[in-house]
Amino acid sequence: MTDYSVELKNLVKYFGRRLIFDDINFKFTAGNIYGISGPNGSGKSTLVKIIADLISPTRGNVIHKAGDKVVEAEQLHNHMGFVSPYLYLYDEFTAEENLIHFSNIRGKKFQRDKAVHLLNEVNLFERRNDLVRGYSSGMKQRLKFIFALLHNPMLLIFDEPTSNLDDAGKNKVYELISLEAKNNLVIVASNERADLALCKEIIELEKFKR
Amino acid sequence: MKSYSLFRKDWQSEIRTRYAINALAMFILVTISVIMFSIGNEKLSADLTGGLLWVVIFFSAMSGLSRAFVSEEERGTTMTLHLIASPSTIYSGKLIFNLLLVFLMNLVITILFSMLFPSFIIKNFLLFTIAFFFGNIGIAVSSTIIAAIISKASSKGTLYPVLSFPILLPLILTLLELTKFSMEGNSVAASQVEIYVLLCYDVIMTTASYLLFDFIWKE
């Protein structure tokens, strides 16, 4: 099992004068699935974006550690996989071209065997050479899981992982999440009860409003 | 290598979508046609043709070079880039893409100028090549960082030339001067000051861009 951890220290986020959450202190450790819940607009996506270093907090820190070593922001993308409805892949490329480009840009060799395995897992293998432009929203969502998993990350962040998916797709996602959590750290932000049922601990954002 | 991979992704995407190339080609064609129609049978002076060359280059750059970042923002793939590469890789990759576009665009414009304007005669080719080479680097570096800044704004189209003008002005003025010298047949040694200004501009803009990009890139 990997020894990855993420620590939130006195995390505060404002958008303008509007407080999103106040003083979150929490430690996520590998081998577990953590949930982030709250009603629409409570800041679930904001919190996962802060954890993923996509946006900055107003105050406080997020510390990523692989073992005892602090993971620098510059290198975070190599340790993290991210899935969300607001993540877009390149429509003008096929699924396979997208994955090859992503591996090359990360500076990693394209793992064709793993890509084929994941494409089969999410039932996209037959459509791997079709342009993403022609995919349905559910297929795009499934492709995002391959995007998140292909580089063997130690931290996986799933924001509304089952959005746009049918029942079979949802079950496959739950299977993937459970499998990944055996070795890695998984954070799920969702309102869906079934998504949160997988989690060991849940941060309820409503508790972090003044 | 990672930057080169990002450049390859952008280039393949550009070949498929023609996002920037079409805009640049149309702009070059339209501006040169307008100049041709407006001058009619008048004979332009050498100085004026040299000036017009950089005017066309400046506005063509404004029409196409912002696409490197704007296209990512419009397609919603900015976050995808955040998740696969470090800011320095992203800036370098986009810079290589813009360098290629600038060199291609300016080469086409210069060839068209020498074919269509009889008064556009370069007497010192070496001096013009030096100005052209370092000038293109300056334009690419500046327009890439400005494109990154304006990609987050709501009025991208207007903001790009407005923000670019003061930043590119010292570069364009120096290039105008060097083009004039090369058309007059001045030696490279006699144009040393302008060449140094050009070099300094490139170094300063490249350093400042790399230092600033981290702050611009992160929301």
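The sequence lines fix the lettering, A, B, ..., with proteins before strands; numbering per chain opens at 1.
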* **Contacting moiety of B/Gln12, where chain A heavy atoms sit under 4.5 Å** => both

* Taking the six-membered ring where the residue is Trp, are the ring centres of A/Phe102 and A/Phe82 under 6.0 Å apart? -> no

* With only heavy atoms counted, which part of A/Glu97 is less than 4.5 Å from chain B, the side chain, the backbone, both or neither? -> side chain

* To do: Determine whether the aromatic ring centres of A/Phe145 and A/Phe158 lie less than 6.0 Å apart.
  => yes

* To do: Assess whether atom OH of A/Tyr174 is packed by more than 12 heavy atoms of other residues, nucleotides or ligands within 6.0 Å.
  => yes

* Heavy-atom proximity to chain B below 4.5 Å, by part of A/Leu89 -> both

* Structure fact -> Most heavy-atom pairs under 4.5 Å with chain A, out of B/Arg8, B/Lys9, B/Lys2, belong to B/Lys9

* Tell me, for A/Asn98 versus chain B, whether the close heavy atoms (under 4.5 Å) come from the side chain, the backbone, both or neither. => neither

* In terms of heavy-atom proximity below 4.5 Å to chain A, should B/Arg16 be classed as side chain, backbone, both, or neither? -> side chain

* Side chain, backbone, both or neither: which part of B/Ser13 has an atom under 4.5 Å from a heavy atom of chain A? -> both

* Structure fact -> From the list B/Ser88, B/Gly93, B/Ser5, the residue making the most non-hydrogen contacts under 4.5 Å with chain A is B/Ser5

* Asked: Among B/Phe120, B/Trp54, B/Phe132, which one satisfies ring pair (Phe, Tyr, Trp, His ring centres under 6.0 Å) with B/Phe113?
  -> B/Phe120

* Side chain, backbone, both or neither: which part of A/Phe147 has a non-hydrogen atom closer than 4.5 Å to chain B? -> side chain

* Are the side chain of B/Thr80 and the backbone of A/Tyr88 linked by a donor-acceptor contact shorter than 3.5 Å? -> yes

